[in-house]
Amino acid sequence: MLMPRRTKWRKQQRGRRKGKATSGSTIAFGDYGLMATEPCWLTARQIEASRIVLAKKLRKHGKLWIRVFPDKPVSKKPLEVRMGKGKGAPEFWVAVVKPGRIIFELEGLNDAAARSVLKEASSKLPVRTRIVKREEGIHYEGI
């Protein structure tokens with residue numbers, strides 16, 4: 001599962017999911033990409049589930065790039081614990097995804113195959129996505 005080797009701080013505040021993605025909003029490596037159209041937190045498990053689907057479908061025909069990394073710890077208090085007494089321990093890791101962010105990129109497949117593979121991978125994610133092609137050169141402008 002994806003997680004940072006070490007971080008400067010053990011716990012982080014939740015933050016806000018507003019605004020559009022500035023970095024990571026264009027296709028940089030492959031020919032096809034999966035772009036998020038709404039903000040969300042992608043957990044390491046969700047990214048891994050999508051990666052497994054993509055890896056099985058690609059096999060040796062194509063190349064895959066994962067463009068997000070879960071580097072934000074989400075803490076939780078144990079069940080049936082009273083309020084107060086500080087913040088809970090880090091439970092899992094998430095990647096903050098803003099609209100327009102490219103999540104995965106593919107290369108080495110034809111148009112129909114790439115679209116079907118990315119559609120299957122997007123079903124594992126809790127966010128609405130759109131399949132983008134390198135030639136289109138799409139930047140997120142509000143969908």
Side-chain angles (χ1 to χ4, degrees), residues 1-81 85-143:
M1 203 100 57
L2 292 171
M3 71 167 59
R5 282 198 194 103
R6 59 182 299 274
T7 56
K8 193 167 187 180
W9 312 108
R10 229 174 109 235
K11 300 172 185 174
Q12 274 185 26
Q13 292 188 336
R14 293 173 70 84
R16 289 173 63 185
R17 293 182 236 171
K18 62 175 279 195
K20 295 181 228 169
T22 51
S23 63
S25 59
T26 58
I27 294 180
F29 304 105
D31 297 327
Y32 295 91
L34 194 65
M35 179 191 277
T37 58
E38 57 188 19
C40 78
W41 279 355
L42 283 182
T43 66
R45 287 171 172 263
Q46 290 162 347
I47 297 168
E48 182 67 11
S50 290
R51 187 199 66 79
I52 288 169
V53 166
L54 289 167
K56 278 184 182 173
K57 295 291 179 183
L58 285 174
R59 291 287 172 202
K60 295 181 193 307
H61 300 296
K63 188 158 169 51
L64 168 69
W65 287 271
I66 303 171
R67 298 283 307 276
V68 291
F69 186 79
D71 57 354
K72 181 185 187 73
V74 177
S75 62
K76 234 179 192 177
K77 289 179 84 79
L79 287 174
E80 300 179 8
V81 172
K85 306 282 190 253
K87 189 170 181 171
E91 198 71 19
F92 55 93
W93 295 86
V94 296
V96 179
V97 174
K98 293 184 175 183
R101 177 74 192 209
I102 303 289
I103 302 170
F104 295 108
E105 287 187 31
L106 294 179
E107 179 184 74
L109 293 177
N110 61 13
D111 190 60
R115 287 186 185 280
S116 69
V117 168
L118 285 171
K119 188 174 183 205
E120 208 168 320
S122 72
S123 68
K124 302 287 182 188
L125 300 175
V127 62
R128 273 190 295 202
T129 57
R130 177 167 111 187
I131 297 166
V132 291
K133 206 173 169 182
R134 181 184 280 278
E135 289 83 40
E136 293 172 8
I138 292 175
H139 286 284
Y140 180 78
E141 301 294 337
I143 296 169

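These numbers come from the heavy atoms of this one structure, side chains and all, not from hydrogens, waters or symmetry mates.
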Give the minimum heavy-atom separation between [X] and [Y], together with the two atoms involved.
{"X": "M35", "Y": "S25", "result": "CE-O, 3.9 Å"}
{"X": "G88", "Y": "S75", "result": "O-CB, 3.3 Å"}
{"X": "P4", "Y": "D71", "result": "CG-CA, 4.0 Å"}
{"X": "W41", "Y": "Q46", "result": "O-OE1, 3.8 Å"}
{"X": "S50", "Y": "L125", "result": "OG-CD2, 3.2 Å"}
{"X": "I27", "Y": "D31", "result": "CD1-O, 4.1 Å"}

*L106 CG to I131 CD1 distance, which is reported to the nearest 0.5 Å*: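 So the CG of L106 and the CD1 of I131 are separated by 9.0 Å.
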*Distance, nearest 0.5 Å, that separates CE of M1 from CZ of R51*: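 Reported value, rounded in 0.5 Å steps: 11.0 Å.
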*asked:* Holding to salt bridge (charged side-chain N to carboxylate O under 4.0 Å, His left out), I want the full list of residues that pass it with E91, two or more places apart in sequence or in another chain.
replied: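 In terms of salt bridge (charged side-chain N to carboxylate O under 4.0 Å, His left out), with neighbours along the sequence ignored, E91 is linked to no residue.
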*Among all residues two or more places apart in sequence or in another chain, which pass the salt bridge (charged side-chain N to carboxylate O under 4.0 Å, His left out) test with K72?*
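Applying salt bridge (charged side-chain N to carboxylate O under 4.0 Å, His left out) to K72 gives none.
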_Strictly distance-based, threshold 3.5 Å: is any side-chain N or O of K18 a donor or acceptor partner for the main-chain N or O of K98?_
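Not a single qualifying donor-acceptor pair exists.
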_Backbone of K87 reached by a side-chain donor or acceptor of K11 within 3.5 Å_ =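 Side chain of K11 to backbone of K87, a donor-acceptor pair under 3.5 Å: yes, one is there.
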*Pairs in or reaching into residues 60-70: which pass side-chain hydrogen bond (donor to acceptor under 3.5 Å, both in side chains), with residues at least two apart or in two chains?*
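Residue pairs with at least one partner in residues 60-70: R67-E105.
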*Decide yes or no on side chain to side chain contact (heavy atoms under 4.5 Å, CB included) for Y32 and L118, but give the supporting numbers first.*
CA-CA 9 Å; Y32 295 91; L118 285 171; 3.9 Å; yes
Are [X] and [Y] packed together at the side-chain level, in the sense that at least one heavy-atom pair is separated by less than 4.5 angstrom?
{"X": "I66", "Y": "I47", "answer": "yes"}
{"X": "I102", "Y": "L34", "answer": "no"}
{"X": "V96", "Y": "V68", "answer": "no"}
{"X": "F104", "Y": "L54", "answer": "yes"}
{"X": "W93", "Y": "T7", "answer": "yes"}
{"X": "T37", "Y": "T129", "answer": "no"}

*Should we say atom CZ of R17 is surrounded by more than 12 heavy atoms from elsewhere, each under 6.0 Å from it?*
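Above 12, so yes.
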*asked:* For K76, is the NZ atom crowded, meaning more than 12 foreign heavy atoms sit under 6.0 Å from it?
replied: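 Result for NZ/K76: open.
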_Just to verify, which of L58, V53, I52 counts as forming a side-chain contact (heavy atoms from CB on, under 4.5 Å) with K56?_
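Running side-chain contact (heavy atoms from CB on, under 4.5 Å) over L58, V53, I52 with K56 returns exactly one hit, I52.
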*In plain terms, say whether R45 and E48 are close enough for a salt bridge, that is, a side-chain N and a carboxylate O under 4.0 Å apart.*
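E48 and R45: not salt-bridged.
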